[in-house]
Amino acid sequence: MAVSSAGSGGRRGSSMRLSLNDPTFRAIFWQIAVIGGFVLIVWWLISNTLHNLEVRAIATGWNFLSREAGFAIGESIIPFEPENTYSRALLVGILNTLRVSIIGIVLATILGTFVGIGRLSKNWLVSRICSVYVEFMRNLPLLVQLFFWWAMFQDAFPGPRQALQPVPGVFFSNRGIKIPIPAEHWVHGWMAAACIVGIVAGVFVRRWARARQATTGQQFPVFWASVGLALGLPFVVWLFGGAPVAMDWPALRGFNFQGGLTLTPEYAALLVGLVTYTGGFIAEIVRAGILAVPHGQTEAAAALGLRKGPMLQLVILPQALRVIIPPMTSQFLNLTKNSSLAVAIGYPDLVSIANTTLNQTGQAIEGIAVIMGAYLTVSLSISVFMNWYNKRIAFKER
Amino acid sequence: MSAVKAAQTTEAPMIELKKLNKWYGEFHVLKNIDFECRKGQKIVVCGPSGSGKSTMIRCINRLEEHQTGDLIVDGIELTNDIKNIEAIRREVGMVFQHFNLFPHLTVLENLTLAPIWVRKVPKKEAEETAMHFLKRVRIPEQANKYPGQLSGGQQQRVAIARSLCMKPKIMLFDEPTSALDPEMVKEVLDTMIELAREGMTMICVTHEMGFAKAVADKVVFMDKGEIVEANEPEPFFSNPQNERTKLFLSQILNH
């Protein structure tokens, strides 16, 4: 009798006993214990570190950021000289990391999607090639693959004087891949603006097409119209700008090429390595996503008379995406973090530059903090975006 | 009644299967099937599992491909020609055992998807039609919910409404009540009976013999890939001719 009344009292939560058998007390007790323990450990780590730094007479703080870096960086998308500061050097590193990650994510997604769909193909040869590709890529360590690609770009290609020229103006040599680009011209800025105007116009076309469908029933090829606007408007601007066709051709001067766009062996090796490796994983995710949509969905859509295209666009893909997005997020994050292996093949990414910085300044804690802060920011941004997208397309079940 | 039926026999059948054969690898699923369905007829197909009854009706809208024989729907011969397949699918609605509603779309979007994309109906009109059919299956208040939020019986009624929105001339039902809890079978059968009374041409694979007695013009019994017996419901149930039919009926009616 007494037991049952005590039990019901506890369930109602009207009174709390100072006993570990009381659920409310137990919950509070353990929370305080865990938080307290955590604070103690952090305090111990910090005080220990501060003490050791003092004993070894290492200056702490962020003053080094405004000092002169004094080292050169192999490649950069913003101007950089050894006289520039450490903070600019680190910025170069972050930009280099972003440059390989963002392009890598886009290319790996495209490659992975094709290979994933290819593995489901009824064509024996296509599906086998895709299977072999996937198994090969995910069963070899990424670092080994990066060394392989670097050796390919570094040693397998001839010197600049004997550079391969598969297409006139494009050169493959051990100094990297050289591609001609349009020579600088004032119209390029306007073309970029026209492209943005085209994309915005595409949004309005989409709205207009919906309104028209609602009243007349006619469909409008919104996608191709938008692509046309985004590419056509810059083209028109280019025509009005006098249609400049001057190109910046790479040319051999002395020991190396000048002009044009350069993909260094390091960048090319890192990009190809990351894309082919991550593409293998993405292929499996895409395949799993498509297989996860029940066959009944295809049948129902077919029975309603939907053709292959709209069926894929309106029924299969929206459902496959729900399965694909969460593991895809992980792969995007993996690719971004794996880009730090750049340090092994000499591509000046953030880790590589931060390493040099902390070697020169001795400020290891700050250096590591910069690396962690930068990766956390990038990774969390990807995460937040992908989670938002995932939530937006989630099923509503109750 | 018989006069009406006699008049109908002069018309060409809506669906005609002639010497239809189908194999899954070595397994002969459909053996020389001859079958026809006239306009307005309601035909119930029954038989033990694995007898080929689902496969037969799934051949009619090309969810399964037959290997030999002819299949003609509403005057259109079903061949590999994608135009013919599309034309037939526009005329033939289908209701599945597991509903197969699109879970990422609301009920209303499920109903308007095909009219908008296949029949090119304006969205407003498609939505009005959808609401009309939702009222007919008595769940207009669920229009903006998702399939996952409905009961099995409600989902199957949405599936029926979804097919009707395409204004089909023929409705195929592939065991529409087999996946439902017992208390939901009636609401779906009531919807189907109502549809039958309005004159829809229907072919229905089902074990609901009460439904067969109530609305069927003809009951077809299949076993091992063959049509064993076909008759009007009254003689079919009271006086089956074939031994296999007798055995099957005794198994499903006596409990």
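Residue numbers begin at 1 in each chain, while the letters A, B, ... track the order of the sequences. Atom set for the values below is all heavy atoms of this structure, side chains included, hydrogens, waters and symmetry mates excluded. Here the structure is a predicted model, which means the values were calculated and not measured.
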Within residues 109-134 of chain A, residues adjacent to chain B where the heavy-atom gap is under 4.5 Å: none
Side-chain donor-acceptor contact under 3.5 Å, A:Gln297 with A:Gln319: yes
B:Glu64 and B:Tyr24: side chain donor to acceptor below 3.5 Å: yes
Let me know if [X] has heavy atoms under 4.5 Å from chain A in its side chain, its backbone, both or neither.
X: B:Phe102; result: both
X: B:His104; result: both
X: B:Leu101; result: backbone

Interchain contact, A:Arg322 with chain B, by part (heavy-atom threshold 4.5 Å): side chain
B:His28 and B:Trp23 aromatic ring geometry - parallel, tilted or perpendicular at 30°/60° bounds: parallel
Aromatic ring pairing A:Phe385/A:Trp388, orientation class (parallel under 30°, perpendicular over 60°, tilted between): tilted
Sidechain N-carboxylate O distance under 4.0 Å for A:Glu284, A:Arg287: yes
Chain A interface, residue from B:Asn61, B:Leu105, B:Val121 that has the most non-hydrogen pairs under 4.5 Å: B:Val121
Top of B:His98, B:Arg90, B:Arg162, B:Met94 for chain A proximity - count of heavy-atom pairs under 4.5 angstrom: B:Arg162
Geometric cation-pi criterion A:Arg207 and A:Phe204, 6.0 Å radius, 45° cone: yes
Non-hydrogen side-chain atoms of B:Met222 and B:Cys46 separated by less than 4.5 Å: no
Donor-acceptor pair, side chain of B:Lys42 and main chain of B:Gly40, under 3.5 angstrom: yes
Most contacts with chain B, counted as non-hydrogen pairs under 4.5 angstrom, among A:Thr215, A:Leu304, A:Thr298: A:Leu304
Side chain to side chain donor-acceptor pair (under 3.5 Å) pairs, two or more places apart, involving residues 117-132 of chain B: none
